[in-house]
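Letters A, B, ... mirror the listed sequences (proteins, then strands); counts begin at 1.
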Protein chains: 2
Amino acid sequence: MSTTGPAPQRRMRADARRNYERLLAAAATVFAEHGVDASLEDIARRAGVANGTLYGHFPTRQALLEALLRDRMDALTATARDLLDHPSPHEALVIWARAAMAHTTTYRGLVTALMRSIEDESSELHAACRAVLVGGEQLLTRAQAAGTVREDATAADLYAMINAVAWAGEQTTPAQGERLLTFSIDGLHPSRSR
Amino acid sequence: MSTTGPAPQRRMRADARRNYERLLAAAATVFAEHGVDASLEDIARRAGVANGTLYGHFPTRQALLEALLRDRMDALTATARDLLDHPSPHEALVIWARAAMAHTTTYRGLVTALMRSIEDESSELHAACRAVLVGGEQLLTRAQAAGTVREDATAADLYAMINAVAWAGEQTTPAQGERLLTFSIDGLHPSRSR
DNA sequence: ACCTGAACACCGTTCAAGT
DNA sequence: ACCTGAACACCGTTCAAGT
């Protein structure tokens with residue numbers, strides 16, 4: 001599905017492939033510990049490869065993030081598709097929003113990268129973010145058709161809203177993020193759109 | 001009012017005072033251009049002083065920010081007080097929220113610093129942020145008493161909400177931030193609290 | 001009392017030289 | 001085809017030496 005980026009090609013030299021995998025594993029560890037703005041040098045060190053090897057495989061930090069998150073982001077998009085079968089359009093949207101928020105807080109600083117990438121077409125994360133946004137759009141449209149979400153809300157609004165509350169939760173406490181999510185979802189209700 | 005930090009003391013040596021002012025002016029320029037994570041070295045350079053002089057006056061980046069923003073943050077707090085006389089408690093809250101959002105987007109990256117500082121008591125910005133939060137709290141309580149805002153919303157919610165939408169606007173477009181602010185304020189309405 | 005500028009440790013990115 | 005590691009430019013922070 002993802003047409004982006006250098007996937008771990010079958011036609012990779014054995015040592016190259018091994019380094020690729022090691023770099024991804026190291027990145028997962030280091031990002032988990034220090035957030036997505038962690039030192040790339042540290043990642044290369046922990047992977048046991050030279051500095052330049054990292055750049056050979058991942059020309060930018062976002063390329064590395066894309067490879068690391070690809071599966072998870074595809075899964076989130078797939079979840080949106082699946083939730084179109086949920087009996088309650090509104091509940092489906094809320095469930096998905098929570099899942100999206102959880103994904104977004106996988107690593108510290110990730111939410112900022114995901115938010116930037118939605119409007120930056122040159123980002124390696126752009127395509128995956130677009131797919132997520134479109135997934136959310138379908139759930140949003142369905143809820144609007146059911147009359148539980150105001151008509152003037154757009155997919156971009158939904159995407160920005162989820163990321164904004166996730167960011168707030170990251171900066172303060174997860175509980176605070178949860179509270180804002182509740183308020184925001186309530187704010188999508190048609191009763192107050194004027 | 002602000003008991004924090006090394007204000008530009010009267011009892012400062014003339015050259016020290018001059019350097020202090022130059023550093024603040026340079027910081028304003030550099031932050032405006034590159035955001036609040038800009039190079040401190042650049043600021044010192046532009047102020048025409050040595051690296052260590054900056055640290056002498058402002059031991060941390062947040063100390064520099066605090067000195068630079070003190071007046072504006074005091075003004076925002078004062079505005080909250082003034083708006084307690086506004087005939088419409090709800091409109092007063094909305095007006096203030098917009099003013100707070102505008103302040104928060106003065107420099108790129110500022111919103112993150114302000115959000116972090118509210119829970120970090122060691123931050124030089126903490127006291128000013130607390131004062132702003134308390135200012136907002138009064139407007140919030142008044143709106144709640146008037147029945148236009150849900151009872152379960154707290155001052156921390158309001159603070160986080162304003163910063164979250166400001167952040168979203170910074171990452172995408174100001175118009176997107178405006179849209180989220182509208183939705184968020186609507187989400188504060190009692191009609192949907194359950 | 002304050003300023004200077006070198007020193008240290010760290011980082012992102014590039015690229016010639018290797019295998 | 002890929003890896004290495006040095007090179008370059010940049011940065012935050014500290015501190016001995018000056019005035």
Whole-Å distance separating the CG atom of A/N19 from the P atom of D/dG5: 12 Å
Over all atoms of both residues, closest heavy-atom pair of A/H57 and A/L23: CD2-CD1, 3.9 Å
Residue B/A50, side-chain heavy atoms: nucleotide from C/dT4, C/dC3, D/dC2 that is nearest: C/dT4
Minimum heavy-atom distance A/D157-B/L180, with the two atoms named: O-CD2, 3.8 Å
Interatomic distance, B/L54 CG vs C/dG5 C1' [rounded to whole Å]: 14 Å
A/R22 CZ to D/dC2 P, straight-line distance once rounded to whole Å: 17 Å
Contact under 4.0 Å: A/H57 side-chain N or O vs D/dC3 OP1/OP2: yes
B/S/- contact track for nucleotides 12-19 of chain C, protein heavy atom under 4.0 Å: BBBB----
Charged N-O contact under 4.0 Å between A/R45 and A/D42: yes
Proximal nucleotide (of D/dT4, D/dC2, C/dC3) relative to the A/V49 side chain: D/dT4
Nearest heavy-atom neighbours spanning B/L69 and B/Y107: CD2-CE1, 4.0 Å
Separation of atom CZ in A/F58 from atom C1' in D/dC3, rounded to whole Å: 15 Å
Neighbour count above 12 (heavy atom, 6.0 Å) for A/R116 CZ: no
Of residues 24-34 of chain B, the positions that come close to DNA chain D - non-hydrogen atoms, cut-off under 4.0 Å: none
Pair B/E124-B/T60, side-chain donor/acceptor within less than 3.5 Å: yes
Side-chain donor or acceptor of A/Q176 paired with backbone N/O of B/A160 under 3.5 Å: no
Pairing pattern in dot-bracket form [Watson-Crick, G-U; both distances under 3.5 Å; | = partner strand] for DNA chain D: ||.|||||...|||||.||
SB check A/E66 A/R61 (cutoff 4.0 Å): no
Donor-acceptor pair, side chain of B/T141 and main chain of B/E137, under 3.5 angstrom: yes
Contact summary for A/L114 and A/M73, nearest pair of heavy atoms: CD2-CE, 4.0 Å
Touch class at under 4.0 angstrom, heavy-atom based, for A/R45 against every strand present: sugar-phosphate
Side-chain (A/W96) to main-chain (A/L76) donor-acceptor, under 3.5 angstrom: yes
For atom CE of A/M12 and atom C1' of D/dC3, their distance in whole Å: 12 Å
